[in-house]
Amino acid sequence: MDKPIDNRAWFLALPVVLIVAFNAIVPLMTVVNYSVQDTFGNNEFFWNGIGWFQELLDPTTDLGGRFFDSLGRNALFSAIILAIEVPLGVLVGLCMPKKGPGVAFTLVVMALPLLVPWNVVGTIWQIFAREDIGLLGWIVNHLGIDYNYTLGPLSAWITIVTMDVWHWTSLIALLSYAGLRSIPDAYYQAAKIDGASRFAVFMTIELPKLRRVLLIGVLLRFMDSFMIYTEPFVVTGGGPGNSTTILSIDLVKLALGQFDLGSAAAMSIVYNLIILAACWLFYTVMTNVDADRDATRVEA
Amino acid sequence: MKSRHIILGVYLVFLMLPIYWLINMSFKTTTEITTSMTLFPTMPTLQNYHEIFTNPAWFDGFVFSLTYVAINTVISILVALPAAYAFSRYRFMGDKHLFFWLLTNRMAPPAVFALPFFNLYSAVGLFDTPWAVALAHCIFNVPLAVWILEGFMSGVPREIDETAYLDGYSFPRFFVKIFVPLIASGIGVAAFFCFMFSWVELLLARTLTNNQAISSIMTRTVSASGVDWGLLSAAGVLTLIPGALVIWFVRNYIAKGFALGRV
């Protein structure tokens with residue numbers, strides 16, 4: 001299975017490198033440039049060294065406090081949605097029909113939320129969850145529970161978490177479904193002969209098969225929830241107060257709202273480094289899982 | 001067997017309820033929306049849709065958005081095809097690092113790039129054109145397309161390539177005539193994902209244009225007198241249609257596609 005070594009393959013990859021580099025490196029240089037300078041306006045910049053970074057990483061300053069707050073909120077958000085979406089997605093994936101007329105219908109309905117433009121996802125939930133005109137908000141309030149996402153921080157959090165679960169659980173479910181379909185029937189028959197319980201079948205046959213696809217799912221979900229912007233912005237705008245201001249929303253406020261270029265650029269870089277570190281971690285785990293699988297394949 | 005159906009049923013209802021509510025709202029007048037709570041429009045009206053179809057701004061917004069989505073999908077697939085082939089068939093200097101670097105761009109937050117992109121595309125004179133958005137969206141779509149296509153290509157045995165070369169096929173001819181048809185479903189899936197992520201993205205589309213994309217036009221329904229909920233809902237319903245159509249075409253490949261061809 002060893003691939004031949006051929007450096008001419010670089011030519012095939014060249015167009016991709018050029019187009020991504022144009023989009024990634026030039027803007028990144030701009031950001032780095034801004035992050036080490038300060039301005040008094042009038043487009044006159046002067047060298048500020050690592051000043052912005054020192055301020056950003058010191059939680060006692062205004063900028064630092066704000067950064068760590070939104071970082072914390074974002075980490076909490078990612079943790080909550082992963083804790084809900086992954087188990088729920090696997091459960092739904094297990095329940096999906098494998099053949100019959102229901103398959104196409106189920107797939108189409110499940111994929112639909114994924115194809116809704118992100119601002120429309122926000123709009124849908126904004127309307128659905130409003131306490132005066134939304135079905136969800138109206139019902140919850142008539143059950144005697146005080147729920148208003150524009151006023152209560154807890155309600156706002158519940159709304160954006162539910163929205164994300166609505167939006168993305170199908171991704172995990174579809175991934176699990178794809179993984180489950182690749183398990184040969186013989187495995188299940190063997191388990192039946194052994195008299196294995198449903199739970200044992202899941203733990204010993206299905207879960208190991210799902211490991212690889214779930215890793216892709218967790219990677220995508222973690223990254224996307226860490227850079228989510230549009231949906232919560234449309235629903236809550238980061239409010240009430242700052243209670244749902246996660247990293248992206250905070251950064252856009254700083255960069256495009258206040259036009260505070262230096263601190264926004266420093267924040268961008270730190271934000272990017274966090275993503276890079278997480279990405280590297282997942283990538284390493286993923287390639288190791290791949291290597292494991294290839295190794296077991298050779299043995300078999 | 002029973003509980004499986006119940007769980008799936010509840011989940012599907014959970015998915016459909018907010019969409020049903022959006023459709024319900026789109027057939028109501030704003031007065032009805034704000035004054036009463038009904039599960040179905042008491043006086044169904046097409047007024048909201050009429051307004052969208054008669055106002056050229058909305059139509060242009062749709063066309064503008066679909067234009068950059070189409071350009072982006074074509075560019076992404078065309079550049080990703082040879083690169084994915086390189087990754088799936090050869091080892092070359094720095095291949096793992098290159099792949100990782102591409103992946104990090106898929107993961108880079110658009111919020112980080114919004115402002116520099118604005119500078120960059122203004123500088124090259126593409127600001128406010130569909131090309132600016134199409135090229136900007138390449139930053140996450142090209143790596144994704146490479147990733148998906150590489151998965152599908154690795155599923156094609158290498159013996160096929162070798163046989164073709166022995167038969168005297170040149171690389172370009174082999175690639176177009178034999179290889180591309182073999183991974184047609186993979187290309188379909190990759191195109192679907194490029195379409196999807198370009199269609200749903202708002203932040204870059206809004207930053208790089210002067211309120212031309214459909215997503216920014218939707219913000220017009222918010223005015224000083226409040227939000228025109230009926231109109232907003234109708235516009236929302238219309239933006240669901242391209243996605244729904246695309247899903248219908250690729251429904252048989254969706255599951256495998258979401259696993260990036262790696263099951």
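Since the model is a prediction, treat every value here as computed from it, not as a measurement. Order of the sequence lines fixes the chain letters, A, B, ..., with proteins taken first and strands second; residue numbering starts at 1 for each chain.
- When heavy atoms are compared at a cutoff of 4.5 Å, B/Tyr11 approaches chain A solely by way of its side chain, counted from C-beta outward.
- In this model, a donor atom of one side chain and an acceptor atom of the other lie less than 3.5 Å apart for B/Tyr85 and B/Asp161.
- With a 4.5 angstrom heavy-atom cutoff, A/Val17 touches chain B via backbone and side-chain atoms both.
- Using bins of under 30°, 30° to 60° and over 60° for the plane-to-plane angle, the ring pair B/Phe87/B/Phe99 lands in the perpendicular bin.
- With values rounded to the nearest 0.5 angstrom, B/Asn119 atom CG is found 10.5 Å from A/Asn33 atom CG.
- The candidate from A/Gly217, A/Ser170, A/Ala173 with the greatest count of non-hydrogen atom pairs under 4.5 Å with chain B is A/Ser170.
- A donor-acceptor contact closer than 3.5 angstrom links the side chains of A/Ser225 and A/Ser78.
- Interface residue B/Phe197: only side-chain heavy atoms are found under 4.5 Å from chain A.
- Ranked by heavy-atom pairs under 4.5 Å with chain B, the list A/Val109, A/Asn119, A/Ile127, A/Leu135 is led by A/Leu135.
- For chain B, the nearby part of A/Val26 is the side chain; its heavy atoms alone come within less than 4.5 Å.
- Here CH2 of B/Trp131 is found 10.5 Å from CG of B/Asn72. Values are rounded to the nearest 0.5 Å.
- The contact between A/Pro4 and chain B is made by backbone and side chain atoms together, counting heavy-atom distances below 4.5 Å.
- Contacts of A/Leu94 with chain B are made by backbone atoms alone, with heavy-atom separations under 4.5 Å and no side-chain atom involved.
- A/Asp6 places no side-chain N or O within donor-acceptor distance of the main-chain N or O of B/Tyr90, the cut-off being under 3.5 Å.
- Atom CG of A/Leu91 is separated from atom CZ of B/Arg4 by 10.5 Å, given to the nearest 0.5 angstrom.
- When all heavy atoms of B/Met196 and A/Leu114 are compared, the pair lying nearest together is CE-O, 3.6 Å.
- Contact of B/Leu135 with chain A is made through backbone and side chain together, with heavy-atom distances under 4.5 Å.
- For chain B, the nearby part of A/Asp132 is the backbone; its heavy atoms alone come within less than 4.5 Å.
- Looking at A/Arg130, only its side chain comes within 4.5 Å of chain B, counting heavy atoms on both sides.
- Looking at A/Thr123, only its side chain comes within 4.5 Å of chain B, counting heavy atoms on both sides.
- When B/Thr104, B/Leu8, B/Leu15, B/Ile139 are compared by the number of non-hydrogen pairs under 4.5 Å with chain A, B/Leu15 comes out ahead.
- Per-residue heavy-atom pair counts under 4.5 Å with chain A were compared for B/Val246, B/Leu17, B/Asp95, B/Asn24, and the maximum is reached by B/Leu17.
- Options A/Trp10, A/Trp280, A/Phe11, A/Trp166 differ in how many heavy-atom pairs under 4.5 Å they form with chain B, and the most are formed by A/Trp166.
- Interface residue A/Ile25: only side-chain heavy atoms are found under 4.5 Å from chain B.
- At a 4.5 Å heavy-atom cutoff, the contact between B/Ala114 and chain A is made by side-chain atoms alone.
- The most heavy-atom pairs under 4.5 Å with chain B, out of A/Phe222, A/Trp125, A/Trp118, come from A/Trp118.
- Ranked by non-hydrogen atom pairs under 4.5 Å with chain A, the options B/Pro18, B/Pro82, B/Pro110, B/Pro116 are led by B/Pro18.
- Both tests pass for B/Lys28 against the ring of B/Trp21: distance under 6.0 Å to the centre and angle within 45° of the axis.
- Proximity to chain B (any heavy atom under 4.5 Å) is shown, for A/Ser176, by neither the backbone nor the side chain.
- The distance from the CG atom of B/Leu144 to the OG atom of B/Ser198 is 12.0 Å, given to the nearest 0.5 Å.
- Contact annotation for A/Ser268: both backbone and side-chain heavy atoms come within less than 4.5 Å of a heavy atom of chain B.
- Proximity to chain B is limited to the side chain of A/Ile19, based on heavy atoms less than 4.5 angstrom apart.
- Comparing B/Trp248, B/Tyr20, B/Phe118, B/Tyr121 by how many heavy-atom pairs each has under 4.5 Å with chain A, the most go to B/Tyr121.
- Residue B/Leu120 touches chain A through its side chain alone, counting heavy-atom pairs closer than 4.5 Å.
- Both the backbone and the side chain of A/Leu276 come within less than 4.5 Å of a heavy atom of chain B.
- A distance of 4.5 Å separates CG in A/Leu107 from CE in A/Met96, rounded to the nearest 0.5 Å.
- Heavy atoms of B/Met25 lying under 4.5 Å from chain A belong exclusively to its side chain.
- Side-chain atoms of B/Arg89 come within 3.5 Å of backbone atoms of B/Met153 as a donor-acceptor pair (strictly under, hydrogens ignored).
- For B/Phe171, the part sitting under 4.5 Å from any heavy atom of chain A is the side chain, from C-beta outward, and nothing else.
- Heavy atoms closer than 4.5 Å to chain B are found in both the backbone and the side chain of A/Ala21.
- A side-chain N or O of A/Asp250 and one of A/Ser70 form a donor-acceptor pair less than 3.5 Å apart.
- In this structure, B/Leu22 CG and B/Met16 CE are separated by 11.0 Å, a value rounded to the nearest 0.5 Å.
- Looking at B/Phe195, the atoms closer than 4.5 Å to chain A (heavy atoms on both sides) all sit in the side chain, from C-beta outward.
- Counting heavy-atom pairs closer than 4.5 Å to chain B, the top-ranked of the candidates A/Tyr271, A/Phe226, A/Phe233, A/Trp138 is A/Trp138.
- Residue B/Arg106 touches chain A through both its backbone and its side chain, counting heavy-atom pairs closer than 4.5 Å.
- Of all the listed residues (B/Leu39, B/Leu115, B/Thr207, B/Ile75), the one sharing the greatest number of non-hydrogen pairs under 4.5 Å with chain A is B/Leu115.
- Proximity to chain A is absent for every atom of B/Ser65, based on heavy atoms less than 4.5 angstrom apart.
- No part of B/Leu81 comes within reach of chain A, as not one of its non-hydrogen atoms sits under 4.5 angstrom from that chain.
- Counting heavy-atom pairs closer than 4.5 Å to chain B, the top residue among A/Thr30, A/Leu247, A/Leu251 is A/Leu251.
- When heavy atoms are compared at a cutoff of 4.5 Å, A/Ile275 approaches chain B solely by way of its side chain, counted from C-beta outward.
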Open item on the list: Walk me through whether A/Ile274 and A/Leu71 qualify under side-chain contact (heavy atoms from CB on, under 4.5 Å).
Closed with: CA-CA 10 Å; A/Ile274 296 171; A/Leu71 180 65; 3.8 Å; yes
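- Proximity to chain A (any heavy atom under 4.5 Å) is restricted, for B/Phe113, to the side chain, taken from C-beta onward.
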